[in-house]
2 protein chains.
Amino acid sequence: MLKISELAVLTGLSAHTIRFYEKHGLIEASKRSDSGYRYYSDADVKRAEFVKSARNIGFSLDDIGVLLSIRLDKQSHSCQEVTDITQHKLDEVNARLAELQTMQQTLERLLESCCGGPENATHCSIIEALDGGDVTVARRAS
Amino acid sequence: MLKISELAVLTGLSAHTIRFYEKHGLIEASKRSDSGYRYYSDADVKRAEFVKSARNIGFSLDDIGVLLSIRLDKQSHSCQEVTDITQHKLDEVNARLAELQTMQQTLERLLESCCGGPENATHCSIIEALDGGDVTVARRAS
DNA sequence: ATTGACCTTAGAGTTGACTCTAAGCTTATA
DNA sequence: TATAAGCTTAGAGTCAACTCTAAGGTCAAT
Ligand SMILES: [Zn+2]
Ligand SMILES: [Zn+2]
Ligand SMILES: [Zn+2]
Ligand SMILES: [Zn+2]
C-alpha cells in the first residue's frame, strides 16, 4: 500500500493532480487510514498507470472516464466502443495537425522572406505580408 | 467609416471579439459618434485586418500587440525583432507538431491492433496496451 | 517533546481567448 | 410613432486541466 506521494513518484503525477483525478472519478484509493490518509493497493496503482498512459496519448479526462468504465467491465462493452473513442481522438489530432502544418509553412515562408537584420523595419516583408493579408488561414476548429 | 457590425463582417471577427481586442489594445475606433457608437476609418480597418492575419497565423494576442507596435513605428524597430517573434512562434508550432505526431502514430497503431468489432472487450488490445503502459509518451511541454 | 516532512479538506486562482448577459440608449424602417 | 435591429457598458461565465492556498491534523526521527 502506497501513500499518495509514493504513487506520485511512481506515476509522475503530482499529489495535487492525483486528488484532482480522484475528484473526477479517475483514480481511487481503496483504503484510508484512521487519520484519513489515502493508501493505494496494487490494483489502484495499475488503474493510476492506466490513467497516466491514456493521458500520455492525449485522451481527455472524460474519454479516460469512459475507457476506465470499459476496463472495469469488459464483458459489457465492445471493441467497437473502444475504437470509436480512439478514432475520434485520432480525428481531432489529425485536424489539429493540419492546422499546425499550415501555420508552420506560413511561418517558414515569412522567415525566409525577412532579412532578420538589425536595420529598421520599414522594409520588413513580414510586416508587409501581415498588412497585405496574404497569409494562409488556419484557425482552430475545436 | 464603418460601424462595428460592418467591421465584423469585413474581418470575420464578431463585434464582441472586436470590443474584446480593443480592451486589449489591438483594435481601435478612431471616431465615436455623439451617442458613443464606434466608427472605423480605413486605417482602422487595415489595422484590424493586420490583427486578423496575425491571428490566423497563430500569433498570440500578446505577440500581436508587439507586432502592432512595430508596425506603428517601423523606424524604431528592426527586422530582427520581427523574426525573433516569428521564430519563437515557429518553435512552439514545431514542438506541438512533434507531440501531435507522436500521438497520431500511437493512436494509429492502437487502431490497427484492435478488431473494432461488436464482440465484448475482454480481449481488446487497446485496453491491454493502456493497461500495460507500453504507449509512447508525448505530453504538452507548454 | 519538538522538529519537520507529509497528509487532509474546501475552495479559490490560473491560463488564453473568447463569449455572453443585463440593462439601457440610438437609429432605421414602416 | 412604434417596432425592431443595433449599439453601449461593466462585468460575469466558459473551457480544460490543472495548480495552489490556508488552516490544520499526523507521523517518524531525534
Ligand atoms: Zn530586413
Ligand atoms: Zn523583416
Ligand atoms: Zn476485438
Ligand atoms: Zn479492441
Side-chain angles (χ1 to χ4, degrees), chain A residues 1-29 31-40 44 48 51-52 54-66 68 88-89 92-93 96 99 103 138-142, chain B residues 1-29 31-40 44 48 51-52 54-68 88-89 92-93 96 99-100 103 138-142:
Chain A
M1 297 295 254
L2 304 182
K3 283 198 279 193
I4 194 165
S5 62
E6 293 166 329
L7 182 63
V9 169
L10 213 70
T11 57
L13 302 166
S14 76
H16 274 306
T17 299
I18 292 171
R19 288 189 205 101
F20 172 78
Y21 282 0
E22 178 182 296
K23 198 156 45 178
H24 289 265
L26 302 185
I27 288 180
E28 279 186 358
K31 290 252 157 65
R32 291 283 190 131
S33 75
D34 289 352
S35 53
Y37 282 27
R38 289 166 178 83
Y39 282 92
Y40 297 92
D44 296 338
V51 170
K52 184 71 193 316
R55 198 74 201 83
N56 281 343
I57 295 177
F59 285 113
S60 70
L61 301 191
D62 280 359
D63 283 345
I64 296 173
V66 177
L68 277 170
H88 182 254
K89 187 70 210 173
E92 273 179 26
V93 166
R96 187 71 182 130
E99 287 178 2
M103 284 168 49
R139 248 25 303 282
R140 65 195 54 74
S142 70
Chain B
M1 298 295 255
L2 304 181
K3 283 198 280 193
I4 196 165
S5 63
E6 293 165 329
L7 182 64
V9 168
L10 212 69
T11 56
L13 302 166
S14 74
H16 273 306
T17 300
I18 292 170
R19 288 190 203 99
F20 171 78
Y21 282 1
E22 178 183 297
K23 199 157 45 178
H24 289 263
L26 302 185
I27 287 180
E28 279 186 358
K31 290 252 156 67
R32 291 282 190 129
S33 75
D34 290 351
S35 52
Y37 281 28
R38 290 167 177 82
Y39 282 93
Y40 297 92
D44 296 338
V51 170
K52 184 71 193 314
R55 198 75 200 83
N56 282 342
I57 293 175
F59 286 114
S60 69
L61 301 191
D62 279 359
D63 283 345
I64 296 173
V66 177
L67 290 171
L68 277 171
H88 182 254
K89 187 72 211 173
E92 273 179 27
V93 167
R96 187 71 181 129
E99 287 178 2
L100 284 166
M103 283 167 50
R139 243 35 292 287
R140 65 194 54 72
S142 70

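Every chain is numbered from 1, with letters handed out A, B, ... down the list of sequences.
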Contact residues, residues 1-12 of chain B to DNA chain C [heavy atom, < 4.0 Å]: none

When you measure only distances, ignoring hydrogens and angles, does the side chain of A:Tyr37 come within 3.5 Å of the base of C:dC6 through a donor and an acceptor? yes

Note: B:Tyr40 and B:Ala29 closest approach over all heavy atoms is CE2-CB, 3.5 Å

Could you go through nucleotides 9-13 of chain C and list every protein N or O atom that sits under 3.5 Å from one of its N or O atoms, giving the distance for each pair?
residue: C:dT9; atom: OP1; partner: A:Arg32; partner atom: NH1; Å: 3.1
residue: C:dT9; atom: OP1; partner: A:Arg32; partner atom: NH2; Å: 3.3
residue: C:dT9; atom: OP2; partner: A:Arg38; partner atom: NH1; Å: 2.8
residue: C:dT9; atom: OP2; partner: A:Arg38; partner atom: NH2; Å: 2.7

NZ/NE/NH1/NH2 to OD/OE distance under 4.0 Å, A:Arg19 and A:Glu22: no

Going by the rule side-chain contact (heavy atoms from CB on, under 4.5 Å), which residues pair with A:Leu10 if we only count those two or more places apart in sequence or in a different chain? A:Leu2, A:Val45, A:Glu49

Of the nucleotides D:dC18, C:dT26, D:dC27, which one has an atom closest to the side chain of B:Ser35? C:dT26

Sugar-phosphate, base or nothing in reach of B:Ser14, heavy atoms under 4.0 Å: nothing

Quick one: is B:Tyr21 getting a side-chain N or O under 4.0 Å of the C:dC18 phosphate, OP1 or OP2? yes

Using the side chain to side chain donor-acceptor pair (under 3.5 Å) rule, collect all pairs that involve residues 1-14 of chain A, keeping only residues at least two apart or in two chains. A:Ser14-A:Thr17

Applying ring-ring contact (aromatic ring centres under 6.0 Å, His included), name anything that partners B:Tyr21, two or more places apart in sequence or on another chain. none

Residue list, salt bridge (Lys or Arg N to Asp or Glu O under 4.0 Å) with A:Glu28, at least two apart or on another chain: none

